[in-house]
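Order of listing sets the numbers, starting from 1, for every ligand and every atom in it. These numbers come from a predicted model, not from an experiment.
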Amino acid sequence: GLDLTQFEVGDLIGEGAFGQVYVASHKRSKRVKVALKCMVKSQQDRYLDVDGHSTPVLAEVAMMLRLMKAPRCPNIIRLHNWLEIEDNCVLILEYAESCQTLLQYIKDTADIEENQARQLMRQLIRAIMFCTERGVFHGDIHTANILVTLPRLELKLIDFGCAQPITQKPFNKSDYRGAGHGMPPEALRCRVFHANPAYVWTIGIMLYEIMHGRLAFNNRQSIMFGAIQIHPRLSTACVDLISQCLIRNPAKRLQLHQVEEHCWFNPTTPNPV
Ligand code: ADP
Ligand code: MG
Ligand code: MG
């Protein structure tokens, strides 16, 4: 069986609202580093049934398991295993070597170039498309839940603690458990929302933040009514993509399958006039 004594626990590498993340190495295969995400079970209120398990597991584990069946997506952090010890749950995750959060990367890098942004956004979209194919709504995509490895800029989506299964039914506003500034406007206005348009909104929010080094909207009022201030250094195609992802009416917003085909991702095709 698996237990924590098989790991040599190293430094604390991250702390969130409900848990700590430590780097660790597997003693028998010395070189294999993992990230241990430790949580208190009684502080987690969501459990889901998973095939092959007699008892429901943390929703975070259940949602990640859907993404771990082969073929996997290289842009989603891997869940190797998990342990339940008394009131604790420990996720044994792939350790992203020489990485930073996207939050830190944006802080450290003034005026990120569009080529770098494009490389990051392609990988984020790949991760998002993969989640939709497996019926997972991440629900908390923001710059502290995205890791970027340096210098190659490989992107890994982490933290499925707010994730939900996608069904035919729309989500309710109260189903949205992620950071408030990521909430799509239709959730605020209509109280219901669908996964795909919400993901497209997130793509616009992330591209805006990468290109500007700050949030597009700071509060609910500006999510619903605020004008976006776009920097003049951005290309026409980049401005167009941000604007089309941040259309407040989800029916008029760019659709998820159209995002990758946008001319910003295909710089040889002519820009819109
Ligand atoms: P929480 O649910 O508490 O927000 P996260 O899963 O987002 O926890 O992890 C908190 C922080 O720990 C992240 O922002 C990141 O800095 C770090 N971290 C998490 N997982 C990994 C990992 N697999 N490799 C490297 N760092 C990680
Ligand atoms: Mg987090
Ligand atoms: Mg979380």
Side-chain angles (χ1 to χ4, degrees), residues 4 7-26 31-48 57-68 72-84 87-109 120 123-124 127-128 130-131 136-165 175-183 198 202 205-206 209-210 215:
L4 270 190
F7 296 94
E8 196 166 296
V9 182
D11 293 338
L12 181 73
I13 51 175
E15 217 162 353
F18 295 110
Q20 294 82 32
V21 182
Y22 296 90
V23 64
S25 55
H26 194 239
R31 283 203 214 115
V32 180
K33 281 192 183 169
V34 294
L36 302 177
K37 181 172 179 178
C38 311
M39 292 171 283
V40 178
K41 281 205 281 183
S42 52
Q43 291 176 351
Q44 313 289 317
D45 54 351
R46 292 180 318 133
Y47 292 83
L48 293 172
V57 294
L58 275 187
E60 180 163 0
V61 169
M63 291 293 93
M64 288 195 90
L65 286 175
R66 283 195 180 184
L67 306 169
M68 294 303 125
R72 284 184 295 102
C73 174
N75 304 114
I76 294 174
I77 209 79
R78 190 169 174 177
L79 175 70
H80 291 303
N81 215 327
W82 77 96
L83 288 165
E84 298 187 50
D87 197 31
N88 298 291
C89 183
V90 181
L91 308 196
I92 301 162
L93 299 160
E94 163 194 1
Y95 174 64
E97 198 88 48
S98 60
C99 74
Q100 273 187 330
T101 61
L102 181 58
L103 180 72
Q104 196 59 45
Y105 179 72
I106 290 172
K107 275 188 191 153
D108 291 356
T109 319
L120 292 169
Q123 298 177 82
L124 178 62
I128 286 173
F130 187 84
C131 286
V136 175
F137 179 61
H138 183 287
D140 196 21
I141 296 180
H142 58 75
T143 54
N145 285 339
I146 292 172
L147 302 178
V148 177
T149 71
L150 297 171
R152 296 184 59 193
L153 293 193
E154 284 163 345
L155 177 146
K156 305 269 182 190
L157 183 58
I158 64 166
D159 194 358
F160 287 77
C162 298
Q164 312 243 26
D175 296 330
Y176 189 94
R177 294 163 165 268
H181 60 254
M183 178 108 55
T202 300
I205 293 289
M206 288 295 102
E209 195 170 341
I210 291 171
L215 296 171

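Scanning the protein heavy atoms around atom 13 (C) of ligand 1, the nearest turns out to be Ile158 CD1, 3.6 Å. Considering only non-hydrogen protein atoms, atom 9 (O) of ligand 1 sits nearest to Val21 CG2, 3.6 Å. Considering only non-hydrogen protein atoms, atom 6 (O) of ligand 1 sits nearest to Lys37 NZ, 2.8 Å. Looking at atom 26 (N) of ligand 1, its nearest protein heavy atom turns out to be Ile13 CD1, 3.6 Å. Closest protein heavy atom to atom 12 (O) of ligand 1: Gly14 CA, 3.3 Å. Nearest protein heavy-atom contact of atom 24 (N) of ligand 1 is Ala96 N, 3.3 Å. For atom 3 (O) of ligand 1, the closest non-hydrogen atom on the protein side is Gly16 CA, 2.9 Å. Protein heavy atom in closest approach to atom 14 (O) of ligand 1: Ala144 O, 2.8 Å.
Heavy-atom contacts of Ala35 reach the following atoms of ligand 1: 22 (C), 23 (N) (cutoff under 4.0 Å). Heavy-atom proximity to Asn145, at under 4.0 Å, picks out these atoms of ligand 1: 7 (O). Proximity to Ile77 (heavy-atom distance under 4.0 Å) selects the following atoms of ligand 1: 23 (N).
Considering backbone and side-chain N/O atoms, Glu60 never comes within less than 3.5 Å of an N/O atom of ligand 1. Considering backbone and side-chain N/O of Thr101, none are found under 3.5 Å from N/O of ligand 1. Between Tyr95 and ligand 1, not a single N/O pair is under 3.5 Å apart. An N or O contact shorter than 3.5 Å links Asp159 to ligand 1 by distance.
Counting all heavy atoms, side chain and backbone alike, Leu91 lies closest to Trp82 at CD2-CB, 4.0 Å. Nearest approach of Phe7 to Ala24, heavy atoms of both residues: CB-CB, 4.3 Å. Closest heavy-atom contact between Val136 and Arg66: CG2-CD, 3.9 Å. Nearest heavy-atom pair across Asp140 and Ala179 is OD1-N, 2.9 Å.
Proximity of a side-chain donor or acceptor of Gln44 to a complementary backbone N or O of Met39 within less than 3.5 Å is not detected. Checked by atom type and distance alone, the side chain of Lys37 never pairs as donor or acceptor with a backbone atom of Ile92 at under 3.5 Å. No donor-acceptor pair closer than 3.5 Å links the side chain of Arg46 to the backbone N or O of Glu60. Counting only distance, with no hydrogens or angles, the side chain of Thr101 and the backbone of Gln104 share a donor-acceptor pair below 3.5 Å. Judged by distance alone, with hydrogens and angles left aside, the side-chain atoms of Glu209 form no donor-acceptor pair with the main-chain N or O of His142 at under 3.5 Å. Not a single donor-acceptor pair under 3.5 Å links the side chain of Asp87 to the backbone N or O of Val40.
At a cut-off of 2.8 Å, Glu60 does not coordinate the Mg ion (ligand 3) through any N, O or S atom.
Using a 3.5 Å distance cut-off with no hydrogens or angles, the side chains of Gln100 and Asp108 do pair a donor with an acceptor.
Heavy atoms of Leu147 found under 4.0 angstrom from ligand 1 belong exclusively to the side chain.
Within the structure, ligand 1 lacks Gly161 among the residues with a heavy atom less than 4.0 angstrom away.
No option in Leu157, Leu67, Asp159, Leu93 other than Leu93 meets the side-chain contact (heavy atoms from CB on, under 4.5 Å) test with Ile77.
Atom OD2 is the N, O or S atom of Asp159 at the shortest distance from the Mg ion (ligand 2).
Distances from atom 23 (N) of ligand 1 to the heavy atoms of Gln20, Glu94, Arg78 put Glu94 nearest.
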